[in-house]
Structure formats: C-alpha cells, structure tokens
**Student:** 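Please see the structure below; I have some questions.
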Amino acid sequence: MTESTRQYAVQKSDEEWRAELSPAEFQVLRKAGTERPYTGEYTDTKTVGVYKCRACDAELFRSETKFDSHCGWPSFFAPLAEDRVEYIEDSTLGMKRVEVRCANCGSHLGHVFEGEGYGTPTDLRYCINSVSLTLAPTS
C-alpha cells in the first residue's frame, strides 16, 4: 500500500487486522490486493442498501449509485459522501490510477476511473472489490 499522511480514526496493527479479517480480506483491504474479476459476492447484486467498509463498518456507498459496468467488480458512480473515501495516486503496474481507500481506517477499496463513457451522472467508475465491502440491506 502506498503510504498516506492521513491520521485514521481507526488504527490497528497488522496483527490486529489479521485477527479480525480473513486472509483474502486482509490481502485486499490492508495490502491493496485485488480479487479476481467476476468472483466477488456483490458484482451483480441488485439489493437496495448501504455498502460499508468490511474492516471498520464505515458507510461508503449506496446501492442507488451502483451500476452495471460489466468490468468484473462492483461499480459505483459516487461515494456516499466525499469525506467517506480517500484518494491516493497509484502508479503501480506501469499506469496512472487513483486508489480509493476508506477514510475511516485506510483500507484499500479499489480504484476510481474517469471518462470511460458510462452514462452516469458523474462520469466516474468506482471499481471496488466485493471483499472490501459489507452490504447492509434496507427493508
């Protein structure tokens, strides 16, 4: 993970995170890994609710902003509020991308892409790992 200068409300050691998260969750959330495309539990979910950070339970995205991008990961066109996420420039893999992290605990969520031509209000695609999220359905 690229280092951030932000002080997060939730701070834990790697050992504490490992005790709370599954190995797959730890790899993605704390080590900026990526789950394989089309394998995540929320890729095609249509359930109405709020998507929370799996590491700290902070509310991040609403189902109303989720859309079908057919990229293999859940896609959203906006976070719940801008202060819910943190943006970090990511130049790994030989390309310039913008990493998206939970602003509450610093966990890796995925990346945000702009100008891809999706018919969304923001022209943004938050490409988020399912393993980074927990969906709280609304009744």
Side-chain angles (χ1 to χ4, degrees):
M1 265 172 119
T2 305
E3 290 302 314
S4 172
T5 57
R6 181 185 218 125
Q7 285 294 96
Y8 300 107
V10 175
Q11 294 190 17
K12 298 179 184 181
S13 68
D14 275 357
E15 293 74 29
E16 291 171 304
W17 285 120
R18 280 186 203 279
E20 294 177 21
L21 302 170
S22 73
E25 291 166 350
F26 182 82
Q27 180 60 31
V28 172
L29 288 159
R30 304 309 307 164
K31 297 300 177 187
T34 302
E35 66 192 355
R36 288 186 2 256
Y38 302 102
T39 62
E41 83 180 285
Y42 300 126
T43 303
D44 298 316
T45 300
K46 305 288 187 211
T47 304
V48 175
V50 175
Y51 289 87
K52 299 178 178 186
C53 176
R54 191 166 298 210
C56 74
D57 217 32
E59 294 185 351
L60 301 170
F61 299 94
R62 292 201 179 279
S63 59
E64 293 85 0
T65 65
K66 189 173 185 287
F67 70 100
D68 292 325
S69 67
H70 307 287
C71 70
W73 293 274
S75 296
F76 303 86
F77 61 79
L80 186 76
E82 279 300 318
D83 65 348
R84 303 297 175 102
V85 295
E86 175 185 24
Y87 302 100
I88 308 267
E89 193 170 293
D90 177 1
S91 58
T92 59
L93 304 177
M95 65 177 96
K96 242 183 171 178
R97 301 183 297 173
V98 177
E99 179 185 1
V100 180
R101 292 188 189 172
C102 173
N104 193 51
C105 71
S107 288
H108 174 78
L109 303 172
H111 290 85
V112 62
F113 302 94
E114 184 176 14
E116 296 179 314
Y118 292 102
T120 61
T122 62
D123 199 25
L124 297 173
R125 177 174 59 95
Y126 288 80
C127 183
I128 306 298
N129 292 285
S130 286
V131 75
S132 297
L133 302 171
T134 302
L135 174 60
T138 52
S139 305

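Computed from heavy atoms alone, side chains included, the values below leave out hydrogens, waters and symmetry copies. Everything numeric in this text was worked out from a predicted model, so none of it was measured.
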**Student:** Considering non-hydrogen atoms only, spot the tightest contact between Val10 and Cys56 and give its length.
**Tutor:** CG2-CB, 4.1 Å
**Student:** Would Val85 end up clustered with Ile128 when hydrophobic side chains under 4.5 Å apart are linked, directly or stepwise?
**Tutor:** yes
**Student:** Rounded to the nearest 0.5 Å, how far apart are CD of Glu59 and CZ of Arg84?
**Tutor:** 6.0 Å
**Student:** Would you say Gln27's side chain and Ala24's backbone share a donor-acceptor pair under 3.5 angstrom?
**Tutor:** no
**Student:** List for me each residue that meets salt bridge (Lys or Arg N to Asp or Glu O under 4.0 Å) alongside Asp57, sequence neighbours excluded, and say none if there are none.
**Tutor:** Lys52
**Student:** Under a single-linkage definition using a 4.5 Å side-chain heavy-atom cutoff for Ile, Leu, Val, Met, Phe, Trp and Tyr, are Tyr42 and Val50 assigned to the same hydrophobic cluster?
**Tutor:** no
**Student:** So which heavy atom on Thr47 is nearest to which on Pro137, and how close?
**Tutor:** CG2-CB, 3.9 Å
**Student:** Flag yes if Phe76 and Val100 sit in one hydrophobic cluster, no otherwise; membership is Ile, Leu, Val, Met, Phe, Trp, Tyr, and two members link when side-chain heavy atoms are under 4.5 Å apart.
**Tutor:** yes
**Student:** For Thr45 versus Lys66, what's the shortest heavy-atom pair and its separation?
**Tutor:** O-NZ, 3.1 Å
**Student:** Does the plane of the ring in Tyr87 sit parallel, tilted or perpendicular to the ring in Tyr126? Use 30° and 60° as the thresholds.
**Tutor:** tilted
**Student:** As an exercise, state the distance from OH of Tyr51 to OG of Ser63, rounded to the nearest 0.5 Å.
**Tutor:** 6.5 Å
**Student:** Counting C-beta onward and ignoring hydrogens, is there a side-chain heavy-atom pair between Ser69 and Cys127 closer than 4.5 Å?
**Tutor:** no
**Student:** If I take atom OG from residue Ser75 and atom CD from residue Glu116, how far apart are they, to the nearest 0.5 angstrom?
**Tutor:** 8.0 Å
**Student:** Any donor-acceptor pair under 3.5 Å linking the side chain of Lys31 with the backbone of His108?
**Tutor:** no
**Student:** For Glu35, is there an ion pair with Arg54 - N to carboxylate O distance below 4.0 angstrom?
**Tutor:** no
**Student:** Ring centroids only, cut at 6.0 angstrom: are Tyr118 and Phe77 within range, meaning strictly under it?
**Tutor:** no
**Student:** Checking side-chain contact (heavy atoms from CB on, under 4.5 Å) between Leu60 and each of Leu133, Thr134, Asn104, which is the one that passes?
**Tutor:** Leu133
**Student:** On a heavy-atom basis, which atom in Glu16 and which in Ser13 lie closest, and how many Å separate them?
**Tutor:** OE1-N, 2.7 Å
**Student:** So, taking the atom named SG in Cys53 and the one named CG in Leu29, what distance separates them when rounded to the nearest 0.5 Å?
**Tutor:** 6.0 Å
**Student:** Going by heavy atoms in the side chains, are Pro37 and Trp73 under 4.5 Å from each other?
**Tutor:** yes
**Student:** Look up atom OG in Ser132 and atom CZ in Phe61, then write down how far apart they are to the nearest 0.5 Å.
**Tutor:** 9.5 Å
**Student:** Step through the shown structure and confirm whether more than 12 heavy atoms of other residues, nucleotides or ligands are within 6.0 Å of CG on Asp44.
**Tutor:** no
**Student:** We want to know whether Arg30 and Ser107 form a side-chain donor-acceptor pair, criterion being a heavy-atom distance below 3.5 angstrom.
**Tutor:** yes
**Student:** Any idea how His111 and Phe113 line up, ring-wise: parallel (<30°), tilted (30 to 60°), or perpendicular (>60°)?
**Tutor:** tilted
**Student:** Rounded at 0.5 Å granularity, tell me how far CD in Glu99 sits from CD in Glu86.
**Tutor:** 8.0 Å
**Student:** Do Phe67 and Arg125 have side chains that approach each other closer than 4.5 Å (heavy atoms only, starting at C-beta)?
**Tutor:** yes
